[in-house]
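Presented below is the structure to which this report refers.
Only a predicted model underlies this, so the values are computations on that prediction, with no experimental measurement involved. In what follows, chains are A, B, ... by sequence order, proteins preceding strands, each numbered from 1.
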There are 2 protein chains.
Amino acid sequence: MKADRTSLSDLLRVSGFKATEGRVEVLGLFIKAGRPLSQMQIMEMLGPRLDRASVYRILSAFTEAGLLHMAYVDGRHRVYELPDKCGHSHCHPHFSCRSCGMTACLEDFQVKCKGSIGKGFVAERQKVLIEGLCPGCKGK
Amino acid sequence: MKADRTSLSDLLRVSGFKATEGRVEVLGLFIKAGRPLSQMQIMEMLGPRLDRASVYRILSAFTEAGLLHMAYVDGRHRVYELPDKCGHSHCHPHFSCRSCGMTACLEDFQVKCKGSIGKGFVAERQKVLIEGLCPGCKGK
DNA sequence: ATCACAAATGCGACATACTTGCAAAAAAAT
DNA sequence: ATTTTTTTGCAAGTATGTCGCATTTGTGAT
């Protein structure tokens, strides 16, 4: 995926947004990182160029527009990601290390569901989080 | 499951806890409720008999000892439950309505995982959350 | 290119969920 | 019953997220 400012701006405008500097930067960050990001991580990468409140607003707006998904909640942090490889009704699972908090997308891991969720319920999305230990924290 | 105070106290002591009144009440609440509970719900049920901070400490301690699981995060609330029907490496999935926030345990819904989470990673627990609409919010 | 308008931002204040330090109280051990 | 250890209540503190409002910034029209 190309991530130059012009194409990012176009993508934003197509999604109904003004292509402001902050939005271009945040969207570019997600594309460049290729992994889930939280507000805090975004702030750390951008420095004080963008206000905390603006980052929150951008994340909410992007999520509502479908440009981002809230991937999972990590402790107290909401973690967002591009909806790459996520269909309408499922999303790839994630791993989270309970020791160091490190997270990763699990691409080679499939989840099969069986059974009914109950009469009258409509399933729209499926979130799977595997908790455990990463290689670094395993030995300790 | 019997839930009289004496057996609750014994269960607590076996788990390495002092059987204080607050702990007995909180554990009894989970057993009687038979559904996931948040700190706020517990406070509402108990009234001012137990301090907010104590409830948080009890929930943390119980979770660390394996008496409870943190089932999922509902908005800003951490929701806990007894580890009934949850093995070491899997846990029954939950449903959450995106409209009204109502949640439920999915007992008749199995999740099978296939594939590797990666070399060196240790999976300890699996959290599955289905998001969608409940019967009440479906029509709107 | 400039202007005017709608929308986004920054800032400060607020809200909420949770945590921590510490003295007092309650279990358990003696 | 007395001592010891753990837990509790209270109050203050921290962290994450939200809101209102004046100011700034894109954008489309001129």
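Residues A:Arg13 and A:Ser9 have side chains in contact (heavy-atom distance under 4.5 Å, counting atoms from C-beta outward). The closest side-chain heavy-atom distance from B:Met45 to B:Lys32 is not below 4.5 Å. For the pair A:Ser7/A:Leu11, no side-chain contact is recorded, criterion being any heavy-atom separation below 4.5 Å from C-beta on. Within the 4.5 Å cutoff, side-chain heavy atoms of A:Arg52 are placed close to those of A:Gln39.
For the pair B:Asp74 CG and C:dA17 C1', the interatomic distance rounds to 13 Å; values are reported in whole Å. Distance, A:Tyr80 OH to D:dT16 P: 13 Å, rounded to whole Å. At whole-Å resolution of the value, CZ in B:Arg13 and P in D:dT7 are 13 Å apart. Rounding to whole angstrom units, CD of residue A:Glu44 and P of D:dA15 are separated by 13 Å. A straight line from CZ of A:Arg49 to C1' of D:dT24 spans 18 Å, rounded to a whole angstrom. Taking atom NE2 on B:His77 and atom P on D:dG17, their separation rounds to 14 Å, with Å as the unit. Straight-line distance from the CG atom of A:Leu50 to the P atom of C:dC11: 11 Å, rounded to whole Å. Atom CZ in A:Arg78 sits roughly 12 Å away from atom C1' in C:dA17 (whole-Å rounding).
Nearer the 5' end of DNA chain D, as judged by each residue's closest nucleotide, is the contact made by B:Pro48, out of B:Arg76 and B:Pro48. In terms of position on DNA chain C, the residue among A:Glu21 and B:Asp51 whose nearest nucleotide sits closer to the 5' end is A:Glu21. Heavy-atom nearest nucleotides on DNA chain C were determined for A:Arg23 and for B:Lys18, and the one closer to the 5' end corresponds to A:Arg23.
One distance of note links CG of B:Leu68 with OH of B:Tyr80; it measures 8.5 Å at 0.5 Å rounding.
At D:dG9, none of the side-chain N or O atoms of B:Arg52 fall inside 4.0 Å of OP1 or OP2 (strictly under the cut-off). In this model, the phosphate group of C:dA7 is not approached by any side-chain N or O of A:Thr20 to a distance below 4.0 Å at OP1 or OP2.
For residues 54-72 of chain B, proximity to DNA chain D is found at B:Ser54, B:Arg57, B:Ile58, defined as any non-hydrogen atom under 4.0 angstrom from a strand atom.
By the 6.0 Å contact criterion, CD on A:Glu107 is enclosed, its count of non-hydrogen atoms from other residues, nucleotides or ligands being greater than 12.
A distance-only check finds a donor-acceptor pair linking the side chain of B:Arg49 to the backbone of B:Leu46 [under 3.5 Å].
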Trace of the ring pair (Phe, Tyr, Trp, His ring centres under 6.0 Å) decision for B:Phe62 with B:Phe17: CA-CA 9 Å; B:Phe62 281 7; B:Phe17 291 110; 5.3 Å; yes

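One end of the helix from C:dA1-D:dT30 to C:dT30-D:dA1 points its axis 30° away from the other end's axis, with each axis taken from 5 pairs and the angle rounded to 10°.
A:Ile117 approaches B:Leu106 most closely through the heavy-atom pair O-CD2, 3.6 Å.
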